[in-house]
Amino acid sequence: MKKIALLATLITGAILLYSTKDFAPWGDPHSPASVHVSNVYIEKSVEQTHVPNIVTAILGDYRGYDTMFETVVIFSAGMAVIGVLRRPKE
Amino acid sequence: MISQNLHMFVLAAPLLSGILVNLLGRLSRRWISVLTLGSLGFSTVGAFFVLLRVLAKGSFHYTVGNWTPPYGIELLVDPLSALMLLLVSGVAFLASLSALKSVDQELPGKQHVFFTMYLILVAGLLGLVLTADAFNLYVLLEITSINTYGLIAMGKGRAPLASFNYIIMGSIGACFYLLGVGYLYILTGTLNMADIASRLPAQGGTAAVATAFAFILVGLCVKMAFFPLHGWLPNAYSLAPSGAGVMIAPLMTKVTVYLMARVFFVMYAPWQSTGHQGVHPLVVWAASAAIIAASALALSQKNLRRMLTYIIVAEVGYMVGGIWLANAQAITGALLHIVNDSLMTLCLFLAASAIVYRRGSLDFNHLGGLYRSMPLTMAAFTVGAFSMIGVPPTAGFFSKWYLILGGIEGGHWEFVVALLVSSLVNAVLFFRIIEFGYFPTGEQAHGHGHGELAVQEAPLQMVQPLILVAVALIAVGLGSGWIVNDIIRLVVPGNF
Amino acid sequence: MESILSEIVAKYNYWIYVILMMIGFYAMIGKRNLVKKLLGMNIFQTAIILFYVSMGVKRGGGIPIVDKHEALLHGVNPAHIDNPVPHVLMLTAIVVSVSVTGVALAIMQRIYREYGTLEEDEILEKIER
Amino acid sequence: MKHLQEKAQSKPLGESLIVQTAVRMMIPFIQLFGLYVIVHGHYSPGGGFQGGVVLGASFILMALAYDLQKTFGYISERTNAILGSTGALIYTGTAALCAVLGGYFLDYSALAKIIPMNPIDWRSMGIFLVEVGVGLAVMNIMVSLFWDISSGGKMDEGL
Amino acid sequence: MIWQLDLLILTLVVVCGIATITVKDLLGASVIFGVYSFLMCLLWAEMGAVDVAFTEATVGAGVSTVLFIAAILRTTRRSKD
Amino acid sequence: MTMASSYSIAPLVVVLLAMLGTIPIMLSDKRPNLRESWTLLVAVGQFLLVAAMLPKVLAGGEYVFTIAQVLPGVPLQLRVDAMGMFFALVASFLWIFTSIYSIGYMRTLEEHGQTRYFAAFALAISSTIGVAFSANLLTLYLFYEMLSLSTYPLVTHEQNAEARASGRKYLTYILGTSIGLVLPAMLITYSLAGTLDFKTGGILAGVGSPEVLSLLLVLFIFGFAKAGIMPFHGWLPAAMVAPTPVSSFLHGVAVVKVGVFSILRIIFDIYGPNLLFDLNLNVVVTTLASITILVASLVALTQDNLKRRLAYSTIGQLSYMVLGAGMVSAAGMMGGMLHIVMHAFGKITLFFCAGAIYVASGKKYISQMDGLGRRMPVTYFAFFLGSLSIIGMPPLGGFISKWNLAMGALEAGQITLLVVLLVSSLLNAAYFFPIVYRGFFAQPAEGSSLDEVREAPLLVVIPLAVTACCSVLLFFFPNVFIDLAKLALGL
């Protein structure tokens, strides 16, 4: 069992590592990830939301839908723990 | 504006009322049923109008927060997602009728917690159906998972252990998916599925893209319990409280399959058609193996609900195989089967839940004389069973028809054989149940008649949805020509 | 040999992330102790977060907080600010991970109450008996 | 190992005067910091999550230094549940309200129909609003998670 | 970005990661996991992801670890592997 | 030939009548008289409706009704043509007598679960009519499956261990073949021809290679296991644990004939006789049928249980019909079709008699029936007539069909088939005459007294007398059926 697990782990790791060869060099400001969408956030977010912390702007507004569900995830976790563990009062 | 936002209200209704159930449900039991049924009923009706609107005016893109697509999170409302919206909310509505009853019996004092999670889970599923953003999909996947973990772990006995295994497997799936999305993001710089798809062909056939898709698809396969990765499902679904099982079993895997179809159509197929060797035959073979293996495992079960869970695993093989056969017939079949299988599973699980309510157990040797004591439940069960076997005019026949035709067209005879074998196995499985239910067990059969076995039907609130689903199964079967022509054909991409 | 070495040096962050991911993944599927599985899950998730955060780094970039007035007047040069999108995504991922951990720990306590152990093989033994 | 564990369970964790005094002095500052993090999320690292977790941590710290009952004096189980739900409701409610008011879902500028304000400022305001909701929800859920996990759902003494 | 520091932290992170899953005492493992999280948080802060680092410091190194420890104290710290 | 086909809801009404008839039958669970009135009402109503459609069909017209368009090019469609009318007429007519007989039989034996029995019976007849009126293969398949399932409660009516085993066997054969063989065959047909409609002259001409078509035909013939072509006949003797009215109607008329009817549909309307002949596939059909005829007749000789003997006789007789179709000569096909009617009337009489003997004396085995004929002369005389018809003696209906079959064999120039016919007729005589002989002339075994045995109740005896008379009448007035068969075959 442990051997299989180790093998699976190694294979997964090898695949992941091998594919990093196609990535842009680390820290490259011209990598696709840095020039497509994110630069617009950096340039426009202050103008469009008046929030200097770009992360907060994206979190709260551009991707606010994600964040809403993130809150709901936390809320659900609380509910799940109550449901699983808490004993109802007599 | 209302009509433009209607699908958002469909989603928001269970979400808001889920939270409200937690606030108000602890005050009075009445609030729970009012809020649950009210919101899900509203969603069902709303989803119906969304479907009508989409059919009349064509599909549309919706951006949350009014940002232009790659910047905000995009939602896609096309005929298929509208249909899924209707399916999810409708199934959840029917299931909740039964769940309200069985939760009272199984989890007294925790109803409000249960239904909070239940409604948020429905909202998560509705969100999954709509989303067109790769990362948003991850978040919603986690919402549905976390609520499912909770709901399953509320069961008795071994349920927490099953749920724990599910957590481990589910997290692996989610992490893989996240890794895949990360790889795509690093290559394209965007998270919007359509945008990714438009930028991927420029990447060519690099190993990184292949890895990204491999991880995304494996992640989804874990979540949908595709055969070798199915280990968590049977325990989790069979040990869950029946109120949770009736909703989770029909919807979770099916919605994940739908997501896989989305990923496949929107991102994978366009990239793959730019001239890279596909892995389609491999997946179809795997699906065929999955169908056969899961059917064989189902044969060895001694408990009705466990048997059904293995059938779910087999059905996942149907749909995955259908999608990866990648011809119009098979994809039509797979998408139609998503709808049909949800309804069939719902029907069977509702029946199982009703039986548990009266008999307390689903072991085969406790099923004797059911046709006598619970005739309506068993009539509906029979319809569901026939649909699983694929007897016309129930819905299950028609999706199987398209799937097999797709297999013939694609020259994948192993898939055709697997489908036929699984139909036969299903016939054996369900007739065993029908036989158990039809013949009285030892002590019930005294002499000739067994008139002393009184009719003891489950409460009306559990039987009603069951009858409705059984009727729906036949109606969907008869209307499958319409569903295929007017809805599914519209969304099968043109290049298939 | 040299090319591999330079590759490693240029992407050592990815190396580290893959190693951490392997540690976590191995713990999740190879370890028999439930807590260990959960720790592995957390390591896996932090590894992914590391991966995402690494992809947002720009050489010579600063933290994604700008001066409001400066930005409104002169605009911002994207090359000087780290990519904020992975950060946003990872905030969500962290929250998800702690939620799952919480639920899993709660369920683990139920399991312990039921079987009196956290070792998977011992639990299975008890079930079979 | 066994008796270590028994010892740990027999004696509540960290029941010492020094710890308790230190915690009692720290908690107001921690809570203040938490509030600051939430409110100041627009301008500095932080926001609803971080602030909420810090606020929750203050109660957790209290529960560690004393016991669970002490925290119930500040925030009862019922209040906790209500506040947590309210937090989640603020976010989802705001989102839905935007749609009801005729904008897109989560389009904060639509809120200008209630209080007329520059749409861009409303976006900033909307972000603040939802951050507060997140903070409330996260704080209470964190506390509730700790309560349940440390007491095994019994809500008695705790560790 | 100081790459020496970077490398040092990365090494430590890996060491802590391995230690977390190999230490037999679960309580010890959780504490090491806390350290691991904290190192991660340093690493991210240094990479410019201040928000993530802050969150990890409060959630990963803080609440998560506390929850782990709480759960272990309620159950058992024994582990066979 | 030109056909006036009119769109009409009538076929649907006929099919639905019995199906919906189950509802009042179920609802009057506690009131047997009311329940049985419903049964009779539905039976008579159905026959009248079918008969009302007869004139137009005889004039070469058709009734068509589309239920739903379910697959591209394949609607769920009902169509009343000559061939369907031919079968529906027989089935709905005989159902009336079976209902009367059932009432007498079930009441006399005080069986349990009578409501379920009558409801399932109504469902079964509805499916039978549905098969007869199907306009395409999919619709036929639908009703075929419905029939299999609705007869399960009838076969397992006793609900004891033997019934359970038989029911299992029954479903294994019937469902296994229909899902495992017919379904893929249907799919292949669809993917070859793009349609599943029944069309005089067939739809498969010009598509697919001879190998595929041969395989397909074999799949179809074995797939419709209700026709009892060996080796898929095993369910029929097993199904004899059912109450006798079930055996008589379903396993003498409806179920088995549905199998044969389906095969005839395949041969006439999917392949078309010409294609069959061109590909030499008729040899396959006739060979399979001949083997079944001879083997089944031989096995029947060895059976002591009366119902089992009748069952094996049925297996043999069914293959006559397939044989006739396989001859691909005008007279042969005509004989095959006519044998459906003649055998139906003959065999139902025989089964009714077996049931009457059981009701009156409780005897199931031929060896116990010595001398019984003198106590039950009406029953035994009817039995005699029925067996004469099956053997093919004039002046009984069976003669007409056998004569046609023999002519067909000659016409097709296949002397072997003629030999098969003759030999099997002799075998028929060999297994039927001893029963009659022992009934009238043998002395009862030592120690068993037949003094208290009387003729069965009137409700049991009248139907069997009527069907026996019908067998005779059919010899003199077979015209309706001959006309219908001619229309169906396009002669």
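Order of the sequence lines fixes the chain letters, A, B, ..., with proteins taken first and strands second; residue numbering starts at 1 for each chain. Everything numeric in this text was worked out from a predicted model, so none of it was measured.
When all heavy atoms of A:Thr12 and C:Phe25 are compared, the pair lying nearest together is OG1-CE2, 3.4 Å. Contact detail for A:Leu17 and C:Val18: the closest heavy-atom pair is CD1-CG2, 3.6 Å. Heavy-atom minimum distance, C:Met22 versus A:Gly13: SD-CA, 3.6 Å. The nearest pair of heavy atoms linking A:Val55 to C:Pro64 is CG2-CG, 3.6 Å. Scanning all heavy atoms of the two residues, the minimum distance from A:Ala77 to C:Ser99 falls at CB-CB, 3.5 Å. A pairwise comparison of heavy atoms in A:Leu85 and C:Ala106 identifies CD1-O, 3.4 Å as the closest pair.
Contacts with chain C were tallied for A:Asp66, A:Leu59, A:Val35, A:Thr56; A:Leu59 has the most, counting heavy-atom pairs under 4.5 Å. Note on C:His87, C:Lys31, C:Arg113: by heavy-atom pairs under 4.5 Å with chain A, the leading option is C:Arg113.
For C:Val66, the parts lying under 4.5 angstrom from a heavy atom of chain A are both the backbone and the side chain. Both the backbone and the side chain of A:Leu10 come within less than 4.5 Å of a heavy atom in chain C. Residue contact with chain C, scored on non-hydrogen atoms closer than 4.5 Å, is absent for A:Ala57. In this structure, chain A has a heavy atom under 4.5 Å from the side chain of C:Leu89, while its backbone stays farther away. Heavy atoms closer than 4.5 Å to chain A are found in the side chain of C:Met21, but not in its backbone. In this structure, chain C has no heavy atom under 4.5 Å from any part of A:Thr67.
In this structure, C:Arg110 contributes its side chain and A:Val84 its backbone to a donor-acceptor pair below 3.5 Å.
Taking CD1 of C:Ile81 as the start and CG of A:Asn39 as the end, the distance is 12.0 Å to the nearest 0.5 Å. Between atom OH of residue C:Tyr17 and atom CG of residue A:Leu16 there is a gap of 4.0 Å, rounded to the nearest 0.5 Å. With rounding to the nearest 0.5 Å, the separation of OG in A:Ser38 from CE in C:Met55 is 11.5 Å. With rounding to the nearest 0.5 angstrom, the CE atom of C:Met28 is 11.0 Å from the OG1 atom of A:Thr9. Interatomic distance, C:Asn83 CG to A:His36 NE2, rounded to the nearest 0.5 Å: 11.5 Å.
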